[in-house]
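Inspection log for the structure reproduced underneath, given as structure tokens.
Counting convention: from 1, in listed order, for ligands and their atoms alike.
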Amino acid sequence: MAPKKSTRKFQAEVSKLLHLVVNSLYSNKEIFLRELVSNSSDALDKLRLKALTDDSLQSEAEGSIRIWAEKDESLLFIEDNGIGMTRDELAENLGTLAHSGTTKFLQEYQGDASLIGQFGVGFYSAFLVADLVEVTSLAPGEEQAWTWSSDAKESYTLAPAKRDTHGTTIKLHVREDQSEFLDDWRLRSLIKQYSDYVTHTIELQKPKWGADEEGDVVIEWEQVNAGSPIWQRPASEIEDEQYNEFYKGLSHDFEDPRCWEHFTVEGRQLFKGLVYVPKRPPMDMFQRDHRRGVRLFVKRVFILDDAEDLVPVWLRFVRGVIDSDDLPLNVSREMLQDSTVTRTIRKQITKKTLDRLKKLAADNREEYEAFWADFGSVLKEGLHLDADSKKRIAPLLRYHSTQGEGWTSLDEYIERMAEGQTDIYYVIGESEQAASGSPHLEALKKKGFEVLFMTDAIDEWGVEALGEYDGKSLVSAMKAELGLDESDEEKEARETATGELKGLLERIQEILGDKVSEVRLSSRLTDSPACLVVPEGGQHAYLERLLRAQDKGQERGKRILELNPVHALVRNLQKLHELKPESTSLVEWTELLYDQVLLTEGSPVDDPNRLARRMTHLLEQASDAELAAS
Ligand code: ADP
């Protein structure tokens, strides 16, 4: 059957993306060239890799990227002799969005064209400057070439085409107002600026002069890019600007990186690495199918993208390249999983990145804090996941604290520690506001001890894994054993109170039944009548809520109810208990008190209606009393 032309609708997200691109007032339209060149370069890399195992392609492995304009027709061409695309691949790659991150991003930010700079639009950026794009491609081994074409409205067309060799030609019908991109000098400077590092040759057509003996126009090509991989060159020869441009090409980021580290590892294994920390988090950073951004090369040949075994998950925002001299060229993802070379590389990437961040923190507090605000919660995962790196991560940690505005490091906390303070205190809560108002802080505040706010879901695991810093234990203000030193007087007062209140404590335990594991007197409260504390080995309420949100079956841990022995309410309850041990008010008020401590720790109460009824009842009584007295 003869191949037929067909027209298809774009996936809805692609339409949305194209709409954004076409209507974008984004001033950096020139990035389309970098994106298309980067796609061509990837296609050449893929062919080179395929040629390693496919003899028929061996002579073709050295490809190039060619760029030329036909000014009279307002056409710009970008051509490569790389891996090409079959008809199905054209439809799949240029008609749907592969990364769920982009899809999700689009769902959240529909319609705001100014946000376009935040995601790598890749191929679709062609529509920043063209109103019609034609992509003609032939995959190696295929007979039939195909042309994908679209005006970015709703659909694209696939039609049979002619192409002699494998590879892809992109034909842009450049919009009238974007004709600068047809100029030789403009193209030349863009290639130099954005794509100098591309490892394949990028050639521009020389202006046509005269004709040969047969009268045909002679076309000559001129290599424009330097073409040597930046990571192979000595760091001393590379300008910051070149590092920045290489990063942007590699990551499709629109902003310069925050910092980078360029290193060589010699010894039993030999490899070079260049790793970057971005300014802004990648869109998919908190998604399960996030990509890790380190590309693996072996002896300068591109091997694979998104090499997840090379980067620990808690450094998933790092972008860069690793070029190993030790791995075999035919290394696969599976082989990487279990190799000592991989382990060494991962260790080095981890070390170099953390060292670089440490330097950033030392050199520029503001920059580091900006990094921390966006990436801190990911870096903290490392405390829990990577015992070997804990010690390196700890000095990089930053928290807000009762000390006031701004971030503090653990070192700074220790410097400020009050006299007689031996531990580092923290509270865990949903937000700083919730944590700072927590009754658990009362005694610590009174003693002048600073408390760190831990408001990330990951904090509970992280801080438990860390355990101590610089010889000081990390102690939760909400845990049962707070270990605050008591003066002899305080101790005596507490023991007397325990004797006096013994009956009440037992009665409250009886009323609350198995809702709490213990009822006891507290030394951590000054203003509040009661609070719940977490027994040894138990989880904080915040983490428990998060886990319960994911798994309804998760049991609620039993906490210890602590009462403030000097609080008037507690004293009144005690009197009531002495006078009328069977009082129903005692039952009601105890339950109310319990509901109230649940609310202060942010946990839901079992029966909100009952709580509301009781509150109303109490208010009624209180207002009656007030009126009677007036
Ligand atoms: P990305 O490059 O981030 O995957 P793009 O939108 O730029 O996203 O491209 C989508 C896909 O189309 C690429 O992943 C690649 O498979 C394919 N593609 C684009 N350009 C080319 C090309 N010149 N040669 C071969 N395949 C290409």
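In this structure, a donor-acceptor pair under 3.5 Å is absent between the side chains of His200 and Asp80.
By the 6.0 Å and 45° rule, Arg398 does not stack over the aromatic ring of Trp372.
With a heavy-atom cut-off of 4.0 Å, Lys46 touches ligand 1 through its side chain alone. Both the backbone and the side chain of Asn93 come within contact range of ligand 1, each with a heavy atom under 4.0 Å. Residue Glu35 does not touch ligand 1, judged by heavy-atom distances below 4.0 Å. The side chain of Leu94, and not its backbone, has at least one atom closer than 4.0 Å to an atom of ligand 1 (non-hydrogen atoms only; side chain from C-beta on). Contacts with ligand 1 closer than 4.0 Å are made by no heavy atom of Asp42, backbone or side chain.
Aromatic ring orientation, Tyr156 versus Phe10: tilted (interplanar angle from 30° to 60°).
Any N or O atom pair closer than 3.5 Å counts here, and His252 shares no such pair with ligand 1. Not one N or O of Gly84 is nearer than 3.5 Å to an N or O of ligand 1, by distance alone.
Ring-centre distance between Phe246 and Tyr243: not below the 6.0 Å cut-off. The six-membered or imidazole ring of Phe32 lies near that of Phe181, with a centre-to-centre distance under 6.0 Å.
Listed by number with element, the atoms of ligand 1 under 4.0 Å from a non-hydrogen atom of Gly122 are 7 (O).
Nearest-heavy-atom check against atom 18 (N) of ligand 1 across Glu89, Glu79, Met85 picks out Met85.
Note on Arg188 versus Glu222: salt bridge recorded, some NZ/NE/NH1/NH2 to OD/OE distance being below 4.0 Å.
Taking every heavy atom of both residues into account, Ala126 and Leu172 meet most closely at CB-CD2, 3.7 Å.
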